[in-house]
Number of protein chains: 4
Amino acid sequence: MKKKLSTKENPKQEERQPRRYSSEESRRLLIEATLDSIVDVGFSSTSVSEIVTRANLSRGMVHLYFDNKDTLLVAAAKHAAEVYFRNLSDQLESAGSRPQEIIETVILSDLGEALLNERMVKIWFAFRGEAHANKAITQFSDTRDEQLRGMIFDAFVEVAIEQGEPEPAKFARDTTHGTLALLEGMWTDFLLHSDSFSRKSAARIIFRFLSGVYPQHFDLDGAIVK
Amino acid sequence: MKKKLSTKENPKQEERQPRRYSSEESRRLLIEATLDSIVDVGFSSTSVSEIVTRANLSRGMVHLYFDNKDTLLVAAAKHAAEVYFRNLSDQLESAGSRPQEIIETVILSDLGEALLNERMVKIWFAFRGEAHANKAITQFSDTRDEQLRGMIFDAFVEVAIEQGEPEPAKFARDTTHGTLALLEGMWTDFLLHSDSFSRKSAARIIFRFLSGVYPQHFDLDGAIVK
Amino acid sequence: MKKKLSTKENPKQEERQPRRYSSEESRRLLIEATLDSIVDVGFSSTSVSEIVTRANLSRGMVHLYFDNKDTLLVAAAKHAAEVYFRNLSDQLESAGSRPQEIIETVILSDLGEALLNERMVKIWFAFRGEAHANKAITQFSDTRDEQLRGMIFDAFVEVAIEQGEPEPAKFARDTTHGTLALLEGMWTDFLLHSDSFSRKSAARIIFRFLSGVYPQHFDLDGAIVK
Amino acid sequence: MKKKLSTKENPKQEERQPRRYSSEESRRLLIEATLDSIVDVGFSSTSVSEIVTRANLSRGMVHLYFDNKDTLLVAAAKHAAEVYFRNLSDQLESAGSRPQEIIETVILSDLGEALLNERMVKIWFAFRGEAHANKAITQFSDTRDEQLRGMIFDAFVEVAIEQGEPEPAKFARDTTHGTLALLEGMWTDFLLHSDSFSRKSAARIIFRFLSGVYPQHFDLDGAIVK
DNA sequence: GATGAATGAGTTTTCATTCAT
DNA sequence: GATGAATGAAAACTCATTCAT
C-alpha cells in the first residue's frame with residue numbers, strides 16, 4: 001500500500017487502472033495513506049500529492065471524499081484514535097474482571113506491541129503537535145479518554161478500600177492520574193528513544209511504583225490477583 | 001491546516017523604523033518570533049512571512065542570518081531547549097545539595113510556572129511532532145537530557161542505599177526513569193487539559209508514588225530532608 | 001469570481017427518485033437549470049455540478065444530451081432567444097395591423113413584464129458578456145433580429161410616407177434603428193437600476209421621442225391610431 | 001504589451017529577465033493584461049496564467065499586488081471606468097459651455113473612436129455580464145454616472161426653458177434618460193454588429209430624435225448653437 | 001439508456017528563496 | 001549589510017469529462 005513518493009517508477013508500465021474500490025474502501029485507503037505519510041515524512045510534509053501517490057488514487061479523490069485536506073487530516077486523527085481505543089477495548093474484554101487484572105491489562109496493553117509502536121507513537125505526537133492549531137484534531141489527541149479513566153479509577157477505588165486507605169477515592173484518583181501519566185511518559189520515552197526502549201522495563205517501573213502504593217496488590221511483575 | 005497569516009495589524013501605521021539591531025539581536029528576535037508563531041498559529045502555519053511580521057524585521061533577514069527557514073526552526077528548537085535547561089540549572093543551583101532536595105527541586109521546578117506553562121508546552125509538543133521528520137530537531141526535543149538524568153539517578157542511588165535496598169543501582173535507575181516519565185506525563189496532561197491542570201495535584205501525585213518506594217525520604221508534600 | 005456550489009440543500013433528503021423523463025424533457029430541464037444558474041450565481045460560476053444539482057438529474061446527463069457543457073450553454077442561449085421571440089410574436093399576433101399599432105406593440109411588449117424582467121435581463125447580459133468569446137453564442141445574443149427589424153421598418157416607412165417625409169426609407173431606417181437602440185438602452189437601465197426602473201417612464205420617453213419625429217402618429221401615451 | 005498565450009516562442013531566447021518595474025507600473029501592467037485577456041479570450045477564460053503570460057510577469061505578482069484574482073478583476077473594472085470617465089471629462093473640458101454644446105460633446109464623445117471601440121465595448125459588456133454575480137464590479141459597470149447625468153440634465157433644462165416647455169424639468173428628465181438610453185443602445189449595436197456600425201449614422205439618429213423634441217436647438221448634424 | 005464515482009488537467013493560491021537596490 | 005519586490009515551484013482545490021456498472 002505504501003509507495004514512496006520519490007520512488008521513480010515501478011518498472012511494469014502502470015497500466016491505466018480504472019480499478020474501483022467501494023467508496024468506503026477509498027476513504028480508508030486515503031486515511032491510511034495519510035497516516036503513512038505522517039509517519040514517514042511528517043505532518044508538515046504531508047501534502048495531498050504525497051497522500052494520493054501513496055494511496056495510488058487520483059488527486060480529486062481527496063476532495064471527493066473529504067472535501068478538503070483538513071477534513072481528511074481530522075478523519076485520520078479520528079481513525080487513529082478509534083484504532084487505539086478499539087484495540088484496548090478488545091484486550092480488556094478478554095481480561096479478568098478483578099480490579100488488579102483490569103489495571104494490569106490496561107498497563108500491559110498500552111505498552112504492548114499492538115498499541116505502542118513506532119507508527120502509533122509518531123502519529124499521536126504528530127497530531128498533538130498540531131492539536132492546538134486545529135480544534136477538530138484536539139478532541140482526538142487524548143489517549144486517555146473519560147471512559148478508560150473511569151474504569152481504572154473504579155478499579156483503584158476497590159483496591160484502595162481493600163487496602164484500608166482512609167480516603168480511598170482521593171487515593172484512587174491520584175494513583176489513576178499517576179498511572180496514566182506514567183504511561184504517557186513511557187510513550188514519550190518510546191518516541192524519543194525507541195531504540196533503547198524496553199517494554200519490560202517500562203512495565204516493571206510502573207508496577208514498582210504501584211507496588212509502593214498498593215503493596216498487597218501489585219509487585220514488580222504486575223498485579224497480584226488473589 | 002493552513003491559516004491566513006495572522007494579520008496582527010497594529011492600526012497605528014508602525015512608522016518605518018530603520019533602527020538597526022546587532023546581528024545577535026536580530027537572530028534572537030527571529031527565534032523569539034518563530035516560537036511565538038508556533039505557539040499562536042502552530043508549526044505548520046509558521047511561515048517566513050508570519051515570522052518576519054512578528055519580528056518586525058525584513059524578510060531577507062531569515063536567510064541572511066539562518067540561511068533558510070529550516071535552520072531557523074532548528075535554532076528555535078535549540079533555543080527553547082537551552083532556556084529550559086538553563087532555567088532548571090538555575091533553580092538547582094539555589095537548591096540544597098542533599099539528594100532528596102535535588103530530586104524535589106527537579107520535580108517542583110519542572111512543574112513550576114517558569115518551565116511548565118502554555119507557551120513552553122506548545123513549543124515542546126510542536127517540535128516533538130516534527131522531530132522524527134527533521135533529525136536536527138530531534139536532538140533538542142528531549143527535555144530529559146543525560147546530565148539531568150545522571151544527577152537524579154545519583155541522588156536516587158544515595159537514597160536507595162540509605163534505605164538499604166538490595167540492588168540500589170537498579171532500584172534507582174527504575175525510580176529515575178519512572179519519575180521522569182511521570183513528569184513527561186504531567187506535561188502531556190497540561191497540554192491536553194491546561195484548564196483543569198493543577199500543579200499541586202501533579203506534585204502530590206509524584207510524591208505519593210515516591211513515598212511509596214522511598215517511604216523514609218518522601219511524603220505527599222515532597223522530600224523529607226533529615 | 002468562483003463561488004462555492006450554491007448548496008441549496010433541501011433538508012428533507014430528497015428521496016431517490018428514479019422517475020425517468022423523456023429525452024426531450026431532460027434536455028429542457030438541463031437548459032432551464034442552466035439559465036437558473038446563470039441568473040442566480042452568474043455565468044462564470046455556472047458549473048456542471050451546479051446545473052445538474054438544480055436540474056436534479058445525474059451528472060452524466062449533460063454529456064449524454066449535449067456532448068459537453070459548451071453545447072449546453074449554446075442551447076440555453078438559443079432557448080432564451082426563442083422564448084423571447086416567441087413571446088414577442090405572440091403579442092404581435094394579437095395586436096392590430098396598423099403600422100402604429102405594430103410599433104406600439106413591439107415597444108410595450110419589449111418593456112412588459114413578460115420580456116423585460118430580472119431573469120431575462122441577467123440572462124441576456126450574461127450571454128452578451130461571453131458572446132465574443134464564443135461564436136456560437138453570438139448568434140443568439142441579439143434581441144433585435146432581422147425579421148423583427150424588417151417589420152418595424154416597414155411600419156415606420158408607411159408612417160413616414162403618410163407624414164409626407166421627403167425620404168421616407170431613410171427616415172424610417174433611422175427611426176427604426178433609434179427605437180431599437182432606445183429599447184436596448186432601457187434594458188441596460190433595467191439591468192443596472194432594476195429597483196428604480198419604471199416601465200411607464202421608459203415607454204413615455206420612447207413615445208416622447210417618437211412623437212417628436214412622428215407628431216401626427218405618436219404622443220406620450222403611445223400610438224395615435226386613426 | 002500584448003502577447004498571445006499560445007504564441008509559442010519569441011525567437012530571441014527570452015533572457016532571464018529580472019527587470020523591475022515600479023510597483024505602480026506592475027499593477028498597471030497586470031490590469032492592462034487583464035483587460036486585454038477579457039477582450040481577446042473573454043471573461044471566463046481569463047485565468048491568472050493567461051494574465052501573467054500577457055503581462056510577462058511572474059504569477060506571484062497577481063497575489064503580491066492584488067491579493068487574489070478577484071481583486072484584480074475589480075481593479076480592472078475600476079480602471080476601465082476611470083479611463084472612460086477621464087476621457088469623457090477631457091473632451092468636455094475643451095467643449096463650449098453652452099448647453100447644446102455640452103450635449104453634443106457628450107454624444108459625439110461617447111460615439112467617438114476614443115470611447116466607443118471594440119476593446120472598450122467588449123470590456124464593458126464582459127463586466128456587465130458578471131456584475132450581478134460580483135457586487136464589487138457592479139459599481140463600476142455603469143457608464144452613465146450621476147455627475148454626467150446631472151450635467152446633461154442641467155443642459156437639457158436650460159434648453160427646455162428656452163423652448164418654452166410647460167414642464168421643463170420633466171421634459172429634460174425624459175430627454176436625458178432617453179439620450180443616455182440611445183447611447184447605451186448604440187454601444188450594444190456596436191458590440192453585436194461592429195462591422196456594419198457607423199458612428200455617423202448613430203449620431204445622426206440621436207440628433208434626429210433630439211431635433212424632434214428640441215427643434216430649435218438640434219438638427220440632424222448636431223447642436224444648433226446660437 | 002442512465003448513473004455518479006473517478007480522473008487529472010488546469011485553476012487559484014501560498015510561500016521559501018533570490019537578488020537588485 | 002539590509003531590504004522587500006520579485007520569482008516560480010509546489011501547494012490546495014475545481015471541475016468538465018469519462019466510463020464501468
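Remember, it's a predicted structure, so these values are computed and weren't measured experimentally. Note on naming: letters A, B, ... go to the chains in the order of the sequence lines (proteins, then strands), and numbering restarts at 1 for each one.
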OP1 or OP2 of F:dA2 under 4.0 Å from side-chain N/O of B:Y65: yes
Residue mapping more 5' on DNA chain E - nearest nucleotide basis, A:R59 or B:D70: A:R59
N/O donor-acceptor pair under 3.5 Å between B:T53 side chain and B:S49 backbone: yes
Any donor-acceptor N/O pair, B:S141 side chain to B:F127 backbone, under 3.5 Å: no
Side chain of A:S47 (C-beta onward), nearest among E:dT13, F:dA11, F:dA16: F:dA11
Distance in angstrom units between D:M61 CE and E:dT18 P, rounded: 19 Å
Length of the CG-C1' vector between D:L30 and F:dA5, whole Å: 13 Å
Under the 3.5 Å Watson-Crick or G-U criterion, the dot-bracket string of DNA chain E, with | for inter-strand pairs: .||||||||||||||||||||
Interatomic distance, B:F66 CZ vs E:dT18 P [rounded to whole Å]: 16 Å
Nearest heavy-atom neighbours spanning D:A126 and D:I38: CB-CG2, 3.4 Å
Which nucleotide in F:dC13, F:dA11, E:dG8 has an atom nearest any side-chain atom of A:S49: F:dA11
Nearest-neighbour nucleotide for the C:V48 side chain, F:dT17, E:dT3, F:dC13 considered: F:dT17
Residue mapping more 5' on DNA chain F - nearest nucleotide basis, D:L64 or C:N68: D:L64
B:D67 CG to F:dG1 P, straight-line distance once rounded to whole Å: 12 Å
B:I51 CD1 - E:dT17 P separation (whole Å): 11 Å
Salt-bridge contact B:R54-B:D40 (side-chain N to carboxylate O under 4.0 Å): yes
Nucleotide of F:dG1, F:dG8, E:dT11 approaching D:S58 most closely (side-chain heavy atoms): F:dG8
Whichever of C:G60 and A:G60 has its nearest DNA chain E nucleotide further upstream toward 5': C:G60
Heavy-atom donor-acceptor pair, A:S44 side chain to B:S44 backbone, under 3.5 Å: no
Contact under 4.0 Å: A:H63 side-chain N or O vs F:dC13 OP1/OP2: yes
Among B:L72, B:L30, B:L29, the one residue meeting side-chain contact (heavy atoms from CB on, under 4.5 Å) with B:M61: B:L30
